[in-house]
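Read the structure below first, then the notes.
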Amino acid sequence: MADSKREIERKYEATDATRLPDLGRVAGVGSVAHEGVMELDAVYYDTEDLRLAAGSITLRRRTGGSDAGWHLKLPVAEGVRDEIRAPLSDRVPARLTALIRSRVLDTPVVPVVRLVSVRDVHVLLDDDGSPLAELSVDEVLAERLHGGDRTATWTEIEAELADDGDPAFLDTVGRALEEAGIRPSAAPSKLARALTETGPEATRPREDEPRTAGDHVLRYVRRQAEAIVALDPAVRRGQPDSVHRMRVATRRLRSALRTYRRVLDREATRPLGTELKWLAGELGVDRDQEVLDARLRARLGELPRPLVIGPAGARLRLWSAAGRSGSRRRTAAVLDSARYLDLLRALDALLAAPPLLPGAAGEPGDELVRAVRKDHKRLAGRVARALELPPGADRDAALHNARKAAKRARYAAEAARPALGGPAKKAAKRLKAVQSLLGDHQDGVVARETLRALAVQAHAAGEPSFTWGLVYGREEAAAAATERELPGAWHRAHRARIRRARGH
């Protein structure tokens with residue numbers, strides 16, 4: 001059984017001559033409990049080419065201390081990681097293996113570094129005796145187990161925030177340490193320092209400044225691919241908004257492959273685009289249901305109580321539970337499927353040997369502007385067609401098609417922003433406003449279809465359908481308001497379109 005813990009910590013350099021300041025005088029500290037000295041023995045695992053380290057992920061098997069076992073640390077933000085723990089065993093637990101699969105794929109993990117630490121622990125307590133943070137002085141011996149046989153030693157100070165503590169307290173501790181001449185560590189983790197000091201540096205290669213259109217497009221594609229891989233563990237763990245963010249990265253990547261077809265060979269990337277569309281669709285099953293559920297609950301909640309006739313709330317809850325039943329299991333099955341893993345391999349292959357066309361060598365301003373303007377022109381045509389149609393099903397379908405084009409045009413502008421600067425930023429912002437309007441309109445279309453079905457079910461069960469009809473009417477009014485607002489939003493977006501390359 002694995003459990004998890006949010007770890008917020010700071011690391012500092014130390015030497016044999018380093019002396020800790022009087023920790024009892026740190027603001028907010030009531031007392032200091034000296035927990036004594038312990039020995040920790042940890043073996044860190046990674047692929048031979050250090051894929052986990054490249055993603056700032058650590059996987060270790062540690063003995064000694066109060067939390068012996070397997071630990072997987074996933075980055076959240078600078079100085080913040082989620083630590084997932086599992087009991088000691090001879091092999092990497094299956095739960096942890098699943099969380100690193102998007103990084104390692106079929107490549108086995110092997111022992112790469114052993115760290116033996118002698119840790120002197122002090123717990124900082126408030127006036128009530130509750131822990132604020134743990135401060136430890138670690139004397140570390142690092143031994144390279146794969147890719148070299150060197151060793152390294154150092155001493156460091158680690159301040160880790162107590163559970164549910166205020167991160168600002170670590171700033172207070174940090175100021176006290178720095179006033180005593182103790183400086184922050186340049187290494188983000190013990191493993192990173194060990195890899196640097198015992199063998200070739202284990203950081204990803206420095207990314208050169210993009211100069212050509214191909215450089216810019218590939219940088220954007222790489223970042224979306226990395227986002228998919230990085231979000232995989234969060235989706236598996238059911239982290240808030242993780243499915244949505246992974247789906248957005250998938251759509252952005254697919255959009256880039258379609259938009260920048262003069263840079264990347266569309267025929268070569270078409271099969272990957274098909275698989276990205278499949279993945280986005282699978283990720284959308286639960287997300288779309290979640291969005292629709294929240295919308296209908298909000299609409300029902302807006303009604304005065306006397307107008308909610310019959311068990312409308314209970315019926316909506318029943319509908320929601322039926323719709324979301326098994327969705328988490330379905331998403332997990334998708335991420336464990338051979339098709340998904342093949343997609344990740346295809347992404348690796350694309351980035352390792354991108355199918356570049358002659359346009360990739362061109363000036364980024366010329367090629368990127370051409371692509372962005374083409375997507376904007378497509379959107380203009382779809383918006384014009386939709387606005388020409390009378391209200392009804394045909395117009396709804398046309399607005400939905402315009403929404404897809406708006407999303408693609410926005411993503412194209414976002415991808416071009418590093419090369420085109422302010423104009424691309426402004427265009428993306430205005431296009432996002434159009435996309436949001438069109439998205440809300442489409443959500444309303446789906447909501448009305450669902451409301452009609454709920455009304456039919458209520459009637460068949462002998463329940464009043466009045467409330468569902470009332471909410472349906474409110475959705476119709478909201479759709480009409482959106483359609484009135486659209487021409488103005490589109491006019492602003494059209495005026496912000498990119499007309500030429502910057503500097504031309």
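Both backbone and side-chain heavy atoms feed into the values below; hydrogens, waters and symmetry mates do not.
- Between Arg295 and Asp440 there is a salt bridge, since at least one side-chain N of the basic residue sits less than 4.0 Å from a carboxylate O of the acidic one.
- Arg262 and Asp366 are not joined by a salt bridge, as no carboxylate oxygen comes within less than 4.0 angstrom of a charged side-chain nitrogen.
- Summarising the geometry of Ser189 relative to Lys11, their closest heavy-atom pair is CA-CE, 3.8 Å, with the distance given to 0.1 Å.
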Distance-only criterion, 3.5 Å: show the donor-acceptor pairs between side-chain atoms of residues 479-488 and protein atoms not counting sequence neighbours.
unit_1 : atom_1 : unit_2 : atom_2 : d
Thr482 : OG1    : Ala478 : O      : 3.1
Glu483 : OE1    : Arg395 : NH1    : 2.6
Glu483 : OE2    : His441 : NE2    : 2.8

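- Applying the 6.0 Å contact sphere to CZ of Arg245 captures no more than 12 heavy atoms from other residues, nucleotides or ligands.
- Here Arg103 contributes atom CZ and Leu344 contributes atom CG; the two are 10.5 Å apart, rounded to the nearest 0.5 Å.
- Other residues, nucleotides and ligands place more than 12 heavy atoms under 6.0 Å from the CZ atom of Arg370.
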Would you tabulate the side-chain donor-acceptor contacts of residues 447-457 under 3.5 Å, counting partners in other chains and residues two or more places apart, or write 'none'?
unit_1 : atom_1 : unit_2 : atom_2 : d
Arg448 : NH2    : Asp396 : OD2    : 3.4
Thr450 : OG1    : Val446 : O      : 3.0

**Q.** Leu438/Gln442 under side chain to side chain contact (heavy atoms under 4.5 Å, CB included): CA gap, chis, key distance, verdict
**A.** CA-CA 6 Å; Leu438 292 170; Gln442 177 60 19; over 6 Å; no
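- In this structure a side-chain-to-backbone donor-acceptor pair under 3.5 Å is present from Thr274 to Arg270.
- Side-chain N or O atoms of Arg408 include one that pairs as donor or acceptor with a backbone N or O of Arg258 at under 3.5 Å.
- For the atom pair Leu253 CG and Leu350 CG, the distance stands at 7.5 Å (nearest 0.5 Å).
- Here the side chain of Arg51 pairs a donor or acceptor atom with the backbone of Val104 at under 3.5 angstrom.
- Smallest separation of non-hydrogen atoms from Ala42 and Arg60: CB-CD, 4.2 Å.
- Applying the salt bridge (Lys or Arg N to Asp or Glu O under 4.0 Å) test between Glu414 and each of Lys426, Arg223, Arg252 identifies Arg252 as the sole match.
- A heavy-atom distance below 4.5 Å is not found between the side chains of Val112 and Leu145.
- Taking the six-membered ring for Trp and thresholds of 30 and 60 degrees, Trp70 and Tyr45 have ring planes inclined between 30 and 60 degrees apart.
- Here the side chains of Asp215 and Pro364 are not in contact, with every heavy-atom distance at 4.5 Å or above.
- Scanning for ring pair (Phe, Tyr, Trp, His ring centres under 6.0 Å) contacts around His491 gives an empty result, with sequence neighbours left out.
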Q: Would you check, one step at a time, whether the test side chain to side chain contact (heavy atoms under 4.5 Å, CB included) holds for Trp319 with Gln289?
A: CA-CA 10 Å; Trp319 167 85; Gln289 180 75 21; 3.4 Å; yes
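- Ion pairing of Arg345 with Asp348 is absent here, as no side-chain N (NZ or NE/NH1/NH2) approaches a carboxylate O to less than 4.0 Å.
- The two residues Ala142 and Leu115 make their nearest non-hydrogen contact at CB-CD2, 3.3 Å.
- Note that CZ of Arg497 and NE2 of His376 are 6.0 Å apart. Values are rounded to the nearest 0.5 Å.
- Annotation for Ala413 and Ala424: closest pair O-CB, 3.6 Å, computed over non-hydrogen atoms.
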(Q) Determine whether Asp46 and Leu59 satisfy the following criterion, side chain to side chain contact (heavy atoms under 4.5 Å, CB included), listing intermediate values before the conclusion. (A) CA-CA 7 Å; Asp46 206 334; Leu59 172 64; over 6 Å; no
Tabulate below the donor-acceptor pairs under 3.5 Å that side-chain atoms of residues 380-389 make, not counting sequence neighbours, or state none.
unit_1 : atom_1 : unit_2 : atom_2 : d
Arg382 : NH1    : Asn401 : O      : 2.9

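- Separating the OG1 atom in Thr269 from the CZ atom in Arg254 is a distance of 10.5 Å, to the nearest 0.5 Å.
- Nearest heavy atom pair, residue Ala406 against residue Leu379, reads N-CD1, 3.6 Å.
- Distance check: Lys73 NZ to Glu7 CD gives 3.5 Å after rounding to the nearest 0.5 Å.
- Other residues, nucleotides and ligands contribute only 12 or fewer heavy atoms inside 6.0 Å of the CD atom of Glu78.
- With a 6.0 Å radius and a threshold of 12 heavy atoms from other residues, nucleotides or ligands, Lys5 has its NZ atom above the threshold.
- In terms of modelled atom types and a separation under 3.5 Å, the side chain of Ser337 and the main chain of Tyr340 share a donor-acceptor contact.
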Report, one line per pair, each donor and acceptor closer than 3.5 Å where one atom sits in a side chain of residues 428-436; sequence neighbours left out.
unit_1 : atom_1 : unit_2 : atom_2 : d
Arg430 : NH1    : Arg492 : O      : 3.1
Gln435 : OE1    : Arg410 : NH1    : 3.1
Ser436 : OG     : Lys432 : O      : 2.9

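- Between Val445 and Glu475, every side-chain heavy-atom pair lies at or beyond the 4.5 Å cut-off.
- In this structure the side chain of Glu48 reaches within 4.5 angstrom of the side chain of Val110, judged on heavy atoms.
- Contact of the Arg61 side chain with the Leu88 side chain is registered, since non-hydrogen atoms from C-beta on lie closer than 4.5 Å.
- Looking at heavy atoms from C-beta onward, Glu160 lies out of side-chain contact with Ile8 at the 4.5 angstrom threshold.
- Residues in residues 228-242 take part in these salt bridge (charged side-chain N to carboxylate O under 4.0 Å, His left out) pairs, two or more places apart or across chains: Asp82-Arg237, Asp232-Arg236, Arg236-Asp336.
- Shown here for Val43 and Pro111, the closest heavy-atom pair between the two residues is CG1-CB, 3.7 Å.
- The neighbour count for Arg211 CZ, taken as heavy atoms of other residues, nucleotides or ligands under 6.0 Å away, does not exceed 12.
- Here the side chains of Leu356 and Leu264 are in contact, with some heavy-atom distance below 4.5 Å.
- Ion pairing between Arg378 and Asp375 holds under the 4.0 Å rule for side-chain N and carboxylate O.
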(Q) With side chain to side chain contact (heavy atoms under 4.5 Å, CB included) as the criterion, how do His216 and Tyr260 come out once you've worked through the C-alpha distance, each side chain's angles and the decisive distance to 0.1 Å? (A) CA-CA 11 Å; His216 280 278; Tyr260 295 106; over 6 Å; no
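- The CG atom of Leu292 sits 11.0 Å away from atom CZ of Arg297, with the distance rounded to the nearest 0.5 Å.
- Remark: the backbone N or O of Val229 is paired with a side-chain donor or acceptor of Ser102 at under 3.5 angstrom.
- Using a 4.5 Å heavy-atom cutoff, the side chains of Glu302 and Arg299 are in contact.
- Under the side chain to side chain contact (heavy atoms under 4.5 Å, CB included) test applied with Leu72, the options Leu52, Leu99, Val92 reduce to a single match, Leu99.
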Q: Evaluate the criterion salt bridge (Lys or Arg N to Asp or Glu O under 4.0 Å) for residue pair Glu83 and Arg81; output intermediate values, then yes/no.
A: CA-CA 6 Å; Glu83 181 179 274; Arg81 296 187 291 182; over 6 Å; no
